[in-house]
Enquirer: 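Quick one: the structure is below, and I'll ask about it shortly.
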There are 4 protein chains.
Amino acid sequence: MVDGGDPANSAPRTGGRVRSSAARDEVLNATMALLEEQGYGKITMEGVAARSGVAKSTIYRWWKSKALLVMEAQSEAVARRMPEPDTGSVAEDLTIFASELNRVVEFPQRMEALRGMMADAQLYPDFAGALRDWVQTRRAVVSAILSRGVERGELDADLDVEYATDLIFGPFWYRLLVGHAPLRPDLAGAEIARLLAGFRHPAAD
Amino acid sequence: MVDGGDPANSAPRTGGRVRSSAARDEVLNATMALLEEQGYGKITMEGVAARSGVAKSTIYRWWKSKALLVMEAQSEAVARRMPEPDTGSVAEDLTIFASELNRVVEFPQRMEALRGMMADAQLYPDFAGALRDWVQTRRAVVSAILSRGVERGELDADLDVEYATDLIFGPFWYRLLVGHAPLRPDLAGAEIARLLAGFRHPAAD
Amino acid sequence: MVDGGDPANSAPRTGGRVRSSAARDEVLNATMALLEEQGYGKITMEGVAARSGVAKSTIYRWWKSKALLVMEAQSEAVARRMPEPDTGSVAEDLTIFASELNRVVEFPQRMEALRGMMADAQLYPDFAGALRDWVQTRRAVVSAILSRGVERGELDADLDVEYATDLIFGPFWYRLLVGHAPLRPDLAGAEIARLLAGFRHPAAD
Amino acid sequence: MVDGGDPANSAPRTGGRVRSSAARDEVLNATMALLEEQGYGKITMEGVAARSGVAKSTIYRWWKSKALLVMEAQSEAVARRMPEPDTGSVAEDLTIFASELNRVVEFPQRMEALRGMMADAQLYPDFAGALRDWVQTRRAVVSAILSRGVERGELDADLDVEYATDLIFGPFWYRLLVGHAPLRPDLAGAEIARLLAGFRHPAAD
DNA sequence: ACATAACCGAGACGGTACGTCAGGTCTTGAC
DNA sequence: GTCAAGACCTGACGTACCGTCTCGGTTATGT
């Protein structure tokens with residue numbers, strides 16, 4: 001949850017009209033609808049306002065930028081889709097995770113959202129931190145899997161877990177963003193197997 | 001070279017005033033200057049026009065978008081910086097390449113350019129193809145190194161060269177874009193060594 | 001009053017920031033100033049925006065074109081200068097009116113405005129109607145004078161009032177636009193007298 | 001004839017390629033075609049160049065502005081349509097002339113041209129003189145008719161011939177430009193008769 | 001016959017202004 | 001205190017034509 005997520009937290013409230021949860025829902029729904037229909041690049045705050053029937057000033061009150069708005073609109077769905085497998089086998093855990101990761105290809109509007117959010121993180125420094133925080137929560141899952149593997153002796157004790165985590169997410173984002181090759185949930189297992197071969201043996205020279 | 005790059009190619013010239021190479025140079029210089037001073041996100045076509053003294057309409061005549069303009073402004077410098085090592089050793093070749101790749105960290109405005117171009121590729125479909133083409137030229141270098149390694153028997157014959165190439169570039173871009181960890185030219189050798197351990201042996205299960 | 005003239009009319013207002021009368025005044029003043037200093041032909045929406053300190057989009061919100069803007073800027077002053085004499089004598093009424101009409105020659109920027117508006121009416125069909133409406137309000141004054149003359153028996157009952165009105169305004173505009181002869185407020189009486197001689201007697205053959 | 005009209009006059013010519021009459025004709029034809037199809041306001045030098053297949057620079061060599069171009073494109077046709085009646089009767093002469101004048105209503109593109117030229121005369125001082133000169137040639141015809149009438153004693157010796165001429169042309173242009181009433185060739189006779197009633201008798205007061 | 005000179009096409013160039021879009025802020029009155 | 005409405009300033013967009021300026025190439029002379 002990034003901002004304005006929960007209408008019943010923050011300051012101690014001293015009186016006055018309460019935040020309209022209807023307005024919040026309308027905004028998030030309109031955002032998802034526009035994301036699906038026109039893509040991230042064509043979403044505008046003005047468009048969301050018009051579509052949702054919520055005033056622009058109200059939207060700005062709760063979300064500082066388009067990127068934060070999309071992030072929240074996405075977050076629940078994405079959160080639900082982030083498995084934290086712990087089967088006792090690194091290979092199995094990673095395969096489950098990577099398959100699920102690549103399965104985003106089946107939800108075009110989520111791909112759109114990921115690509116657009118990554119774009120905005122480059123263009124608006126304010127948002128970069130928010131995206132980084134969100135990315136870290138996902139990295140943590142993989143790092144945990146790998147650490148458990150090291151502890152259990154499945155993986156080389158010298159393994160750089162952070163870099164290994166990048167080897168899981170890096171190619172995913174790279175393909176997602178460049179589009180030179182499709183994401184293949186079905187091949188995740190084979191790719192993980194190849195990677196693990198390297199993680200098991202100490203690096204040569 | 002992306003567009004309007006070479007004033008002396010394309011159509012056979014049947015008449016008409018010749019393209020001003022001075023104007024071209026002024027525009028590219030102004031673009032690089034603005035990139036360095038203010039960052040990709042603050043570059044505007046209008047700003048480039050003002051800075052370069054070249055009319056906006058002339059800029060639009062040769063470059064359809066900011067992203068294509070930056071890409072060309074970058075391309076020569078980057079091209080010069082893209083080594084194509086062929087030492088006879090995959091490990092050595094890849095280490096040279098990856099070190100150089102990560103060395104972009106020493107040139108902040110080039111990092112800015114790479115990040116901005118990747119962002120625009122997400123937001124403007126017209127540009128995505130151009131970026132993809134450019135990316136392919138860089139992938140080709142790594143693919144060639146790996147293919148030579150397979151031929152020479154240094155690497156497993158079953159190696160998926162395209163995916164292996166993604167394992168070189170993916171983490172690079174991922175770190176560049178997310179910023180969760182720094183790029184480390186000095187560690188490139190160790191990371192490559194770890195990767196190659198996996199490429200040498202057939203995948204396990 | 002042509003458009004956006006009165007900030008307190010139109011829709012019943014259900015909310016929203018109220019129109020800034022300061023902005024409106026600044027725009028109209030800037031328009032008149034530019035008209036006087038540089039002439040109608042050199043007025044631009046951008047120039048008015050710069051001069052007035054009001055945003056271009058705000059100007060476009062209230063006036064669709066330069067011509068409508070000038071028309072409104074002029075209208076109050078002109079309205080004040082449009083007498084509706086009713087002395088009981090057609091000759092006297094018309095002489096008063098025609099003298100005043102030709103007196104525009106003493107206000108060069110108003111001449112400029114009239115000429116420019118007539119020009120734009122030719123070039124932009126959207127504006128032609130607006131100008132025609134405005135012209136009709138002025139014609140109505142003369143038509144009324146003539147009609148009263150017919151009723152009183154001062155003028156021939158067969159007189160075509162509309163055409164007679166054109167005989168008042170036609171030469172005025174013709175001289176104003178072509179510039180082959182000056183406008184002469186002092187000669188208006190003599191010209192009217194000549195005209196009336198024809199209006200009193202039925203047409204010959 | 002305004003400019004570049006006759007390809008065989010001006011400087012004594014000592015050699016060099018001769019002006020292409022084909023190019024001249026193409027330009028004039030294209031101008032008339034665009035005038036008819038899209039109206040004066042949408043004619044552009046660039047459009048004429050594209051339509052005619054003649055280079056923009058060639059057009060500018062021979063015609064300094066759109067207005068001069070249209071004037072020449074029109075001039076031959078209009079010249080042919082300008083009668084100089086001399087029947088011995090002022091009423092008859094003027095009726096012939098005025099009927100023909102109003103007959104322009106049957107040729108929409110000529111109306112367009114007249115309206116557009118008058119507009120440009122307001123906006124571009126350089127052109128105002130050219131239009132005025134052309135207008136004078138037409139006024140001269142009417143003035144001559146009236147002067148003959150005065151000499152023959154048909155009209156009052158005190159008649160201001162110039163103003164009387166304005167009474168013929170003024171209402172014509174006024175209606176043409178404002179569009180509040182149609183031009184009526186068939187009513188020209190009646191209107192002239194009414195006017196002449198005033199011209200015959202000395203002005204009253 | 002051949003140099004001279006003016007013409008012509010093509011099209012790039014520096015400009016100016018256009019009219020539009022979206023951003024983000026502010027003001028108002030209703031709830 | 002929040003909300004819908006909507007006016008406001010700001011900045012940049014991408015386009016259209018303007019009138020000028022090279023270019024390369026084409027014709028008529030006139031010596």
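A, B, ... follow the sequence lines: proteins, then strands. Residue 1 opens every chain. Model, not experiment: these values are computed from the prediction.
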Enquirer: Less than 6.0 angstrom from the centroid, inside 45 degrees of the normal: does D/R24 satisfy that with respect to the ring of D/W62?
Expert: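 Here D/R24 fails the 6.0 Å and 45° test against D/W62.
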Enquirer: Rounded to whole angstroms, how far apart are NZ on C/K56 and C1' on F/dC9?
Expert: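 So the two atoms are 13 Å apart, to the nearest Å.
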Enquirer: Need to verify one output field. Residue with the more 5' nearest nucleotide on DNA chain F, A/E46 or D/S57?
Expert: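 In this pair, the answer is A/E46.
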Enquirer: Base, sugar-phosphate, or nothing: which does D/G53 touch, judged by heavy atoms less than 4.0 Å apart?
Expert: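 Here D/G53 touches the backbone only, sparing every base.
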Enquirer: Under 4.5 Å between any side-chain heavy atoms of B/L114 and B/Y40, yes or no?
Expert: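 No, side chains not in contact.
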Enquirer: Does any part of the side chain of C/M32, heavy atoms only, come nearer than 4.5 Å to the side chain of C/V70, both counted from C-beta?
Expert: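 C/V70 vs C/M32: side chains apart.
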Enquirer: Tell me whether the side-chain N/O atoms of C/R19 come closer than 4.0 Å to OP1 or OP2 in F/dG6.
Expert: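 For F/dG6, OP1/OP2 do not have a side-chain N/O of C/R19 under 4.0 Å.
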Enquirer: Using whole Å, what does the distance between atom P of nucleotide F/dA5 and atom OH of A/Y60 come to?
Expert: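 So the two atoms are 17 Å apart, to the nearest Å.
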Enquirer: If you check every side-chain atom of C/T44, which of F/dA5, E/dA17, E/dG14 has the closest atom?
Expert: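 The closest nucleotide is E/dA17.
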Enquirer: Check this one for me: any side-chain N or O of C/W62 less than 4.0 Å away from OP1 or OP2 of F/dA7?
Expert: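 It does not, given that no N or O in the side chain of C/W62 lies less than 4.0 Å from OP1 or OP2 of F/dA7.
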Enquirer: In whole angstrom, what separates C/I59's CD1 from E/dC18's P?
Expert: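 Taking atom P of E/dC18 as the reference, CD1 of C/I59 is at 10 Å.
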Enquirer: Looking only at side-chain N and O atoms, does B/T58 come under 4.0 Å of OP1 or OP2 in E/dG14?
Expert: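 So the side chain of B/T58 is within the cut-off, an N or O lying under 4.0 Å from OP1 or OP2 of E/dG14.
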Enquirer: Roughly how many Å is it from OH in A/Y124 to P in E/dA22, rounded to a whole number?
Expert: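 Distance check: A/Y124 OH to E/dA22 P gives 13 Å.
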Enquirer: Looking at B/E112 and B/K42, does any basic side-chain N land under 4.0 Å from a carboxylate oxygen?
Expert: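 The answer is no: the pair does not qualify as a salt bridge.
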Enquirer: Tell me: CZ of D/R17 to P of E/dC7, nearest whole Å?
Expert: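 Between P of E/dC7 and CZ of D/R17: 10 Å.
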Enquirer: Rounded to whole angstrom units, what separation is found between the CZ atom of B/R61 and the C1' atom of F/dG14?
Expert: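 So the CZ-C1' distance, B/R61 to F/dG14, works out to 14 Å.
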Enquirer: Without decimals, in angstroms, what is the distance between B/K66 NZ and F/dG14 C1'?
Expert: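 Going from NZ in B/K66 over to C1' in F/dG14 covers 15 Å.
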Enquirer: If you define the side chain from C-beta out and look only at heavy atoms, does anything of D/K64 sit under 4.5 Å from D/D126?
Expert: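 Result no, sub-4.5 Å side-chain heavy-atom pair not found.
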Enquirer: DNA chain E: B/A23 or C/S65, which has the more 5' nearest nucleotide?
Expert: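 Closer to the 5' end of DNA chain E: B/A23.
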Enquirer: Starting at atom CH2 of D/W63, determine the distance to atom C1' of E/dC7, rounded to an integer number of angstrom.
Expert: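 Computing the D/W63:CH2 to E/dC7:C1' distance gives 13 Å.
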Enquirer: C/V54 or B/M45: which one's nearest nucleotide on DNA chain F is closer to the 5' end?
Expert: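 With C/V54 and B/M45 compared, the 5'-side residue is C/V54.
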